[in-house]
Amino acid sequence: MKNQKTNTLTIKTPEGVVFSLNLAGPITRFLAWVIDLSTIIALFTFVNILPKIIGIVSYDLASAFSVMIYFIVSIGYGITLEWYWKGQTIGKRVLQLRVMDEQGLRLQFSQIVVRNLLRFVDNLPIFYMVGGLACLISSRAQRLGDLAANTIVVWTPPISEPNLDHILSDKYNSFHEYPHLEARLRQRSSVQEANVALKAMFRRNELDPSERIQLFKEIAEYFRSVVKFPQGATDGLSDEQYIRNVVDVLFRKQKKYPGPHDHQV
């Protein structure tokens, strides 16, 4: 449900874990679009050299090529960056915005394609008037592309390092023996996914035993699908211990740990 006063979206998982998302408003989204539009224009100017050369032979053919190139650049820009950067473009990255599934789930490629294809409709008649009005009317500040793709845009401010001493202490983390896999885990995990794991660790004592077991089982299964650590690093770990290691990797300041094949001279 959405809190109108704080402009947040609160999502509650079946296991009772609650986390809040700060919805991005029309003004912030418009500023991000201005940055993206400037980037798109710069890219288009660079790749529009070919139509200019064709224009020497045929002006009409050059115009058609130019329109096609602008379409490819403008649509491809959003799709490529939002997929590669997990819901962010340059403008969104600068203003700390991110596209997400409206239920807090992992963003799918098909959703990115749909919301970007409908960007031209949202841009009608000029300066995102249709999209801006849709954001003002929508309870979740969604433009038409978001409504069609079931996506939202959230504000993701930098997260200060939480105090993890009372849940992690100095316990051994077998994942540290594989720094390349730790780096992959950090790269593939979104802020929201990391927060779910963190909140589960902090609130584990508030859950009923059966709910606690089921919750950590589902979260652990998800992170196992993100990065597969060798059997030697996971043998004997319960689901809760697995998530403890994941939280340690995602939130603690990283130190250099010797890998399994490192040798001292």
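Just so you know, residue 1 is the first one in the sequence shown, and it goes up from there.
Residues Ile69 and Tyr77 share a single hydrophobic cluster, defined by chaining ILVMFWY side chains whose heavy atoms lie under 4.5 Å apart. A continuous path of hydrophobic side-chain contacts links Ile112 to Phe71 [ILVMFWY only; heavy atoms under 4.5 Å]. Val67 and Tyr70 are not part of a single hydrophobic cluster, where members link through side-chain heavy atoms under 4.5 Å apart.
Using a cut-off of 4.0 Å between Lys/Arg side-chain N and Asp/Glu carboxylate O, Glu193 and Arg188 are scored as not salt-bridged. Salt bridge absent: Arg29 and Asp122 never bring a charged side-chain N and a carboxylate O closer than 4.0 Å.
Note: Thr156 OG1 to Leu95 CG = 10.5 Å, rounded to the nearest 0.5 Å. Taken from CG in Leu215 to CG in Asp208, the straight-line distance is 12.0 Å, to the nearest 0.5 Å. With rounding to the nearest 0.5 angstrom, the CD atom of Glu240 is 5.5 Å from the CZ atom of Arg204.
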Trp83 and Val113: CA distance, side-chain angles, deciding distance, side chain to side chain contact (heavy atoms under 4.5 Å, CB included) verdict: CA-CA 9 Å; Trp83 178 246; Val113 172; over 6 Å; no

Working for side chain to side chain contact (heavy atoms under 4.5 Å, CB included), residues Gln142 and Thr151: CA-CA 8 Å; Gln142 295 167 293; Thr151 56; 5.7 Å; no

Stepwise side chain to side chain contact (heavy atoms under 4.5 Å, CB included) check, Thr89 with Glu82: CA-CA 6 Å; Thr89 57; Glu82 286 184 0; 3.7 Å; yes

Side chain to side chain contact (heavy atoms under 4.5 Å, CB included) between His176 and Asp248, intermediate numbers included: CA-CA 10 Å; His176 290 331; Asp248 185 25; 3.1 Å; yes

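In this structure, Leu81 and Ile90 have side chains that are in contact, with non-hydrogen atoms separated by less than 4.5 Å. Contact of the Gln111 side chain with the Asn150 side chain is registered, since non-hydrogen atoms from C-beta on lie closer than 4.5 Å. Arg186 has its side chain within reach of Val249: a pair of non-hydrogen atoms, C-beta onward, lies under 4.5 Å apart. The shortest distance between side-chain heavy atoms of Leu250 and Leu185 falls below 4.5 Å. Counting heavy atoms from C-beta on, the side chains of Arg119 and Asn116 come closer than 4.5 Å. With a 4.5 Å cut-off on side-chain heavy atoms, Phe229 and Arg224 do not count as touching. Side-chain contact check for Tyr128 versus Arg143: some heavy-atom pair is nearer than 4.5 Å. Counting heavy atoms from C-beta outward, Phe251 and Leu198 have side chains that approach closer than 4.5 Å.
Atom CE of Met129 is surrounded by 12 or fewer heavy atoms from other residues, nucleotides or ligands within 6.0 Å. In the displayed structure, Leu136 atom CG is contacted under 6.0 Å by more than 12 heavy atoms of other residues, nucleotides or ligands.
With Lys86 contributing its side chain and Gln187 its backbone, the two residues share a donor-acceptor pair below 3.5 Å. Counting only distance, with no hydrogens or angles, the side chain of Ser38 and the backbone of Val34 share a donor-acceptor pair below 3.5 Å. Remark: the backbone N or O of Asn173 is not paired with any side-chain donor or acceptor of Asn245 at under 3.5 angstrom.
None of Thr45, Asn48, Val47 except one satisfies the side-chain contact (heavy atoms from CB on, under 4.5 Å) rule with Val73; the exception is Val47. Here the rule is ring-ring contact (aromatic ring centres under 6.0 Å, His included) with Tyr242, and of Phe175, Phe223, Tyr222 only Phe175 fits it. Checking each of Lys217, Glu218, Glu211 against Gln214 for a side-chain hydrogen bond (donor to acceptor under 3.5 Å, both in side chains) leaves exactly one that passes, namely Glu218.
Contact record, Val247 with Met201: CG2-CG, 3.8 Å, taken as the closest heavy-atom pair.
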